[in-house]
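Here the structure comes first, spelled out in structure tokens, and everything after it is commentary.
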Amino acid sequence: MPLILVKGKGSVVTDIDGKKYLDFFPGWGVSNVGHCHPKVMSAVRDQIGKLIHVPNNFFHAHQAKLAKEIVRQSFPGLVFFCNSGAEANEAAIKFSRIYGAGKRFEIITTAGSFHGRTTGAMAATGQARIQQGFEPLLPGFRTVPFNDITALRSAITDQTVAVLLELVQGEGGINIATPEYVRELRALCTEKDILLIVDEVQSGMGRTGEMFAYQHYGITPDVMTLAKGLGGGLPIGAMIAKKSIAHIIKPGMHGSTFGGGPVVTKAALGVFKAIQDDKMLKNARVQGLYLMGRLVELMGKYDFIKEVRGLGLMVGMELTIEGKTIFEDCLNNGLIINCTQGKVLRIMPALNVTKKQVDKALFILNKALEKAGSKSAGAS
Ligand SMILES: Cc1ncc(COP(=O)(O)O)c(C=O)c1O
């Protein structure tokens, strides 16, 4: 995109010409606490002057504290640190293979999912366009339709060791797992001794109004992967495996030179503190409901809006027309959003976004929709 950003504060970014934009898609879900949050900045500044890297055969306090905080916020388990979402999912894939003990290795994933660009994460991803040209793919993955428990049940074989899924598909177009599906899936995985791996790389860290999306469903996964919002802008990923099974992977079986270094883990501790001290989960729920309500109102005005769906501040507006020009129009008028799957506008502002900023964004979006509406009326 022809956009060179040089500064960011909260939900506002500035480009090289000094033009300001409301950022309603900060870093594809990375800057959940807004750009340059003071708690993240001071954590990073403080650590940079002391120690930047510790090899992962040694302990350091921030890594231990962060692991403890992740576990406190989620479920009893052990945490492995890496540098990205794809790496966190690679760790989960390797963990599954160890869990399968050479007898089971197949992982069931869902259509429309996105798990990353590395070889394993790409093979897990349920979108052919991501995989095209990179065949043959890593074997051991079966993709079934999302939200279809019957299809998932039928895909289970003697070799199945895990199910990997996003509870809210981000890249796939804000597709939300239904409560019944998730409940049945949890029961099925327990019954068959299949690992339930939840990819919270995009939906985690408060994005949906809970710290992790699975917490909306009253279930606990066996394994969870995190990245994006965890580091407040710095690269960090994590895999959490529940305590009763985590010991199956031993020191030396997996690792990462940079994983969980002191700067990024201190930044992540700053992110957790910011989310809690600034009551961002509540704000995400309140502003998310407000934003969705206003988007639903727009459905009465524009017949090319097919559906509005979302959880917290992970919001999508599906159109019957291509969304590219709407996205471009918003950008020209100072609003950054995203368009995925051609027709879904993805709106994911920072968790501390204000009502005033939501109103301003809606004003710009409405203008872009109006323009698209007059064009589509002219074409028909
Ligand atoms: C749900 C999900 N999983 C995994 C990834 C991959 O993360 P990364 O780009 O940090 O490797 C993404 C990135 O968009 C994602 O949305």
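Since the structure is predicted, the reported quantities are computational estimates derived from the model, not experimental observations. Numbering of ligands and ligand atoms starts at 1, following listing order. In this chain, residues are counted from 1 in sequence order.
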Test salt bridge (Lys or Arg N to Asp or Glu O under 4.0 Å) applied to Asp15 and Lys20, step by step: CA-CA 7 Å; Asp15 76 8; Lys20 291 193 183 320; over 6 Å; no
Lys39 vs Asp277, salt bridge (Lys or Arg N to Asp or Glu O under 4.0 Å): CA-CA, chis, key distance, verdict: CA-CA 10 Å; Lys39 289 203 167 82; Asp277 289 0; 3.6 Å; yes
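For ligand 1, the atoms closer than 4.0 angstrom to any heavy atom of Val201 are 2 (C), 3 (N), 4 (C), 5 (C), 7 (O), 12 (C), 15 (C). Atoms of ligand 1 found under 4.0 Å from any heavy atom of Gln202, numbered from 1 in the order shown, are 16 (O). Listed by number with element, the atoms of ligand 1 under 4.0 angstrom from any heavy atom of Ala86 are 6 (C), 7 (O), 8 (P), 11 (O). Close approach to Lys228 involves these atoms of ligand 1, each under 4.0 Å from a residue heavy atom: 12 (C), 13 (C), 14 (O), 15 (C), 16 (O).
Of all the listed residues (Glu87, His115, Glu171), His115 holds the heavy atom that lies closest to atom 4 (C) of ligand 1.
Counting only N and O atoms by type, the side chains of Gln159 and Arg142 include no donor and acceptor under 3.5 Å apart. Asn175 and Asn147 share no donor-acceptor pair across their side chains, judged by distance under 3.5 Å alone.
Contact of the Ile194 side chain with the Arg104 side chain is registered, since non-hydrogen atoms from C-beta on lie closer than 4.5 Å. Ile107 is listed as a side-chain neighbour of Val161, based on a closest heavy-atom distance under 4.5 Å.
Both the backbone and the side chain of Ser84 come within 4.0 Å of ligand 1, counting heavy atoms alone. Contact annotation for Asn89 and ligand 1: only side-chain heavy atoms (C-beta onward) come within less than 4.0 Å of the ligand. The side chain of Glu166, and not its backbone, has at least one atom closer than 4.0 Å to an atom of ligand 1 (non-hydrogen atoms only; side chain from C-beta on).
In this structure, Trp28 falls outside the shell of residues with a heavy atom less than 4.0 angstrom from ligand 1.
Of the options Asn366, Leu369, Leu345, Val315, a side-chain contact (heavy atoms from CB on, under 4.5 Å) to Leu295 is made by Val315 and by none of the others.
The nearest heavy-atom contact from the protein to atom 3 (N) of ligand 1 is Asp199 OD2, 2.8 Å. Looking at atom 2 (C) of ligand 1, its nearest protein heavy atom turns out to be Phe114 O, 3.2 Å. Ranking the protein heavy atoms by distance from atom 10 (O) of ligand 1 puts Gly85 N, 2.8 Å first.
Taking the six-membered ring where the residue is Trp, Phe25 and Trp28 present perpendicular rings, their angle passing 60° and hence far from 30°.
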